[in-house]
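Reading through the structure tokens given below for one structure.
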Amino acid sequence: MRKKTIFLCLVLFAFSISSCVSHLKEAKLYYVNGEKLSRVYKTEKALASFKRALKEAELAVAKHPSAQAYMLKGMAELNLELWEKAEESFIAAFSFGFEKGQEWAEQVSLFGLASSLQELGLVDSAFKIYTYLLNKSRFKSVTVLAAQRYTHIALKETLQEEGRERQKLLNKLLKTAEKLADKDLSCGYYHYLLSQVLSHLLEYKKSFEEAIIAKELGLPKEEIFRDNDLQIVFCYQKLKEKLSSEKREEFLSVYLLWVKKWNWPNSETPDWKKR
Amino acid sequence: MKEKSVEKVVEDGVRFLSKIFPQKTYLYFPLLSAALVWAIRRTKEWKEKIFSWKIWPDPDLVKVKPDEFIINFYKSNPDLCRAYRDEIEKKDLKTLREAFRCLYPILGLEDPFLFALFQKELESNEYNKIVDEFDAKVSLARNDIDAAEGKARLLEGLKTFAEEIVSFGTDLLSQANAQKAIAELIEKQLKKKNE
């Protein structure tokens, strides 16, 4: 009788372990499927898949709570725009702690937490997390996303200030942007961000140079690529006005070489512009 | 095999879209135009572009452009400069920045979908109208497309259209000429359809 009870307990224990492993596994599968569907614009099916992922993650959390289960729950909620629930899930994920080798999951969770905080209007808290990720993350995709959010929030803040205060904030942002570009010289997007910040500081020559580096290294999206081209043209126009005649000649001769290389019809019209 | 004419390709494109959006003729030109431009510009990424519906650039990017960049944007375009002369003179950045949010993606970055969506207003230089109606019109287009059934079929149809048009040669179809020709052909097709 005693042996039978122990056996039953073991079977039940094994079953409960396997069922929560399978809920976690199912949650992962539905989540990945949701991402895939989302990428091919099957929005409704993607949402259905995220809902299934959420249900499975909730079951996993109920049966065998873990950092990964909460992370998946949070990611599904993020995709379903359930910001407050997502925030709670990510916080719960951290309270469990991530195991060794799960650094990526920790950072994805942190980015997810910051995104939901930002959506809830808690911009300062989100900004702190983006700052942390910028300094600590070893995963480029997380760092690039954090850099984008960080820069936009910081620039928005500077635009609300005037004079010295604005200058102070811009100088601080410049240091961060320079640090990012130095850390990963080959990332065109960081040079693009740096060029944008320099432009706010009216440093058109440096902004122009950084925009050229960004263009040459490549940019992730067409809209950023075009915005960067327009930044080059803007800096060119400003420099043409500001430089002394001698320096202007020198600058123009170099600029025209770039224009020729890029196959632009003229110095102020990128090749994608309507003519 | 007899080769199709550009007119026939456009006719097929319009016929195809009229099956998916029978009542939403205003979407035909933006969709066909965006399909064409992205097919020419970035053959591998065009699908993502047409269906991303996150009207670009990402709003944060537009909202944080420097003041000088915004003023320069207005000054560099003679029609815009005329339309916003008072605001430029007064350096009314509140108004200029708000209008920039709507006008920069169309006139600066030349989003083909938005450009086609506001083609009539652009032709008559009604920039205030674009700014006033931007959010409502873009949101309506986005909702109508989201509500369309068989989005995968729509994607395939637009892809076929883009491939057929591009087969006429990308050099021949410079953006401005191609869009103008397509606009005229679509208008012709829609008139024919309504008769």
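All chains are named by letter (A, B, ...) in the order of the sequence lines, taking the proteins before the strands, and each is independently numbered beginning at 1. Computed over heavy atoms, backbone and side chain alike; hydrogens, waters and symmetry mates excluded.
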**OP:** Name the region of A/I153, side chain, backbone, both or neither, that has any atom closer than 4.5 Å to a heavy atom of chain B.
**Re:** neither
Subject >> Under 4.5 Å from any heavy atom of chain B - which part of A/Q237 >> reply: side chain
Original post:
Which residue out of A/L159, A/T151, A/T158 racks up the most heavy-atom pairs below 4.5 Å with chain B?
Top reply: A/L159
Subject >> Between A/L230, A/L202, A/L155, the one whose heavy-atom pairs under 4.5 Å with chain B are most numerous >> reply: A/L230
Salt-bridged, [X] to [Y], with N to O below 4.0 Å?
{"X": "B/K91", "Y": "B/D67", "value": "no"}
{"X": "B/K94", "Y": "B/E98", "value": "no"}
{"X": "A/R226", "Y": "B/D111", "value": "no"}
{"X": "B/D132", "Y": "B/K129", "value": "no"}
{"X": "A/E210", "Y": "A/K206", "value": "no"}

Original post:
Relative to the ring of B/Y104, is the ring of B/F100 parallel (under 30°), tilted (30 to 60°) or perpendicular (over 60°)?
Top reply: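 Because their plane-to-plane angle is under 30°, the rings of B/F100 and B/Y104 count as parallel.
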Original post:
Is a side-chain donor-acceptor pair under 3.5 Å present for B/E87 with B/T95?
Top reply: no
**OP:** Please determine, by modelled atom types, if A/W272 and A/D229 share a side-chain donor-acceptor pair under 3.5 angstrom.
**Re:** yes
**OP:** Dump the intermediate steps for ring pair (Phe, Tyr, Trp, His ring centres under 6.0 Å) on A/Y31 and A/F50, then the final yes or no.
**Re:** CA-CA 6 Å; A/Y31 183 80; A/F50 287 130; 5.4 Å; yes
**OP:** Name, in order of residue number, those residues of residues 68-86 of chain B that have a heavy atom at a distance of less than 4.5 Å from a heavy atom in chain A; otherwise write 'none'.
**Re:**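 Residues in range: B/E68, B/F69, B/N72, B/S76.
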Original post:
Considering all heavy atoms of both residues, which atom of A/S195 and which atom of A/A211 are nearest to each other, and what is their separation?
Top reply: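 Minimum heavy-atom separation between A/S195 and A/A211: OG-CB, 3.6 Å.
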Original post:
For the residue pair A/L243 and A/R248, what are the closest heavy atoms and their distance?
Top reply: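 Closest pair (atom of A/L243, atom of A/R248, distance): O-NH2, 3.3 Å.
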Original post:
When only heavy atoms count and the cut-off is under 4.5 Å, which of residues 122-135 of chain A reach chain B?
Top reply: none
